[in-house]
Amino acid sequence: MARLNLHNVDLNLLVSLHVLLTERSVTRAAEKLSVSQSTMSTSLAKLRRLLNDPILTKNGREMELTPRGTSLTDQVAEILDRIETLVAAPRNFDPVTSGRTFTIVADDYVLAVLIGPLLREIEQTAPGISLHILSTQLGQLEPLRNGLCDLAIWPQWLAPARATAFPRTELLTDDFIAVVADDHPAAGDTLTHEQLLELPSVHALNGIHWSDQTAAPSPAPHNILVTTETFTSAAHMLPGTQMYAILQRRLNERLHGMLGLRAVELTSPLPTLSESMYWHPRHTDNAGHRWLRSSLLRLASTLDIGTCR
């Protein structure tokens with residue numbers, strides 16, 4: 001089989017190909033590379049001729065990758081990362097002078113208990129560093145796999161099954177409690193399993209799945225009066241109602257005072273929450289990435305609840 005003569009190939013097209021594969025849109029790819037849409041369309045036409053494949057095809061109003069395009073996504077990201085590593089001048093990472101932006105996938109719990117303290121520290125000691133936060137989505141591995149994020153921080157039950165292929169480190173653990181309004185008329189210091197089934201509740205969709213996490217049956221559907229996407233929004237719905245929500249103890253410590261909530265222990269405790277950070281292997285030895293991971297680990301170790309390890 002004849003080898004392609006790279007002298008006849010514009011290797012800058014690799015950058016355009018990577019952005020087209022990840023954005024799946026000529027318009028968004030052009031915006032990301034700060035070029036005109038016509039320039040990006042020309043690059044796509046060249047790539048189609050080079051690869052003898054459409055790469056992107058119309059599906060209604062959206063564009064979708066061809067099977068060849070899908071198969072190229074990880075390969076192109078890895079090639080560009082290797083090139084970047086090859087040409088980058090080796091240097092130490094200095095957080096004091098760095099202007100780097102780190103992208104982190106995290107939910108509202110992690111933002112409250114860990115990213116908040118990290119930002120306060122960055123403000124004081126590394127003012128040029130910034131964070132870009134992406135919300136967690138059930139089963140969503142693309143940002144991690146495609147190198148679109150530096151870290152993904154997931155609780156054990158939310159991490160996609162394929163995430164086990166990536167390096168990870170446990171950051172912290174926490175326990176779950178029931179939370180009610182201060183003036184809740186029926187909740188005492190504890191809630192039994194029977195009360196949990198009887199009382200109206202707010203359910204966070206990224207939270208506990210009862211049938212998966214406990215031997216007890218799931219709550220009857222009519223007792224879940226409202227569902228929401230985050231633990232924080234669940235907590236905000238409790239004041240003035242007779243509902244309860246299941247929250248992490250640390251999150252309640254940060255919200256109860258401002259919202260007028262109180263914690264109620266569970267007579268049948270739920271399994272311990274474990275939060276871990278995941279990253280792509282190509283980031284493992286990067287000095288800036290090591291700084292980010294070590295900063296999070298150090299901050300997690302200072303949290304003042306005994307369940308943190």
Side-chain angles (χ1 to χ4, degrees), residues 1 3-87 100-108 130-154 158-166 205-206 229-230 278-283 289:
M1 180 177 175
R3 292 176 62 87
L4 179 66
N5 187 348
L6 290 179
H7 290 293
N8 300 324
V9 178
D10 180 4
L11 294 180
N12 287 319
L13 288 173
L14 278 175
V15 177
S16 297
L17 178 58
H18 173 62
V19 179
L20 285 165
L21 292 173
T22 54
E23 295 295 330
R24 303 182 186 188
S25 162
V26 172
T27 301
R28 292 195 299 270
E31 292 173 352
K32 191 160 188 177
L33 291 182
S34 299
V35 299
S36 68
Q37 189 166 339
S38 62
T39 298
M40 185 54 66
S41 295
T42 300
S43 296
L44 177 58
K46 291 179 179 179
L47 286 163
R48 284 170 166 167
R49 290 194 296 270
L50 177 65
L51 298 172
N52 193 29
D53 187 87
I55 305 172
L56 285 169
T57 58
K58 277 278 190 182
N59 183 9
R61 289 186 162 185
E62 300 297 322
M63 300 285 281
E64 65 179 19
L65 296 179
T66 64
R68 179 81 189 280
T70 300
S71 71
L72 287 171
T73 302
D74 288 348
Q75 297 178 59
V76 173
E78 185 68 28
I79 289 169
L80 288 177
D81 185 72
R82 288 175 180 268
I83 293 173
E84 183 179 337
T85 301
L86 178 67
V87 301
R100 183 166 173 175
T101 297
F102 293 101
T103 299
I104 300 174
V105 174
D107 62 15
D108 61 316
S130 59
L131 301 181
H132 177 55
I133 305 299
L134 300 176
S135 61
T136 56
Q137 298 181 43
L138 186 63
Q140 179 60 268
L141 194 63
E142 298 305 312
L144 187 64
R145 191 178 68 203
N146 294 336
L148 300 180
C149 71
D150 292 283
L151 287 175
I153 303 176
W154 285 307
L158 194 60
R162 290 174 295 163
T164 56
F166 294 87
L205 294 178
N206 64 351
E229 292 187 351
T230 67
Y278 299 74
W279 64 92
H280 197 285
R282 63 175 174 261
H283 294 318
H289 204 276

J.: Taking Asp150 for the side chain and Ile104 for the main chain, is one N or O donor matched with an acceptor at less than 3.5 Å?
T.: no
J.: Partners of Glu64 by side chain to side chain donor-acceptor pair (under 3.5 Å), sequence neighbours excluded?
T.: Asn59
J.: Would you sort out whether Thr230 and Asp107 count as a side-chain contact (heavy atoms from CB on, under 4.5 Å), showing the intermediate values?
T.: CA-CA 8 Å; Thr230 67; Asp107 62 15; over 6 Å; no
J.: Yes or no on side-chain contact (heavy atoms from CB on, under 4.5 Å) for Glu31 and Glu23, after CA distance, side-chain angles and deciding distance?
T.: CA-CA 10 Å; Glu31 292 173 352; Glu23 295 295 330; over 6 Å; no
J.: Supply the atom-to-atom distance Leu33 CG to Met40 CE, rounded to the nearest 0.5 angstrom.
T.: 4.5 Å
J.: Do you know the tightest heavy-atom contact between Met63 and Arg24?
T.: CB-O, 3.4 Å
J.: CG of Leu21 to CD1 of Ile55: how many Å apart, nearest 0.5 Å?
T.: 7.0 Å
J.: What residues, two or more places apart in sequence or in another chain, satisfy ring pair (Phe, Tyr, Trp, His ring centres under 6.0 Å) together with His18?
T.: none
J.: Would you say Arg48's side chain and Leu56's backbone share a donor-acceptor pair under 3.5 angstrom?
T.: yes
J.: Partners of Thr66 by side-chain contact (heavy atoms from CB on, under 4.5 Å), sequence neighbours excluded?
T.: Asp53, Pro54, Thr57, Arg68
J.: Quick one, Leu151 and Phe102 - any side-chain contact, counting heavy atoms below 4.5 Å?
T.: no
J.: Rounded at 0.5 Å granularity, tell me how far CD in Glu229 sits from OG in Ser135.
T.: 8.0 Å
J.: Is the ring pair Trp279/His289 parallel, tilted or perpendicular, if the boundaries are 30 and 60 degrees?
T.: tilted
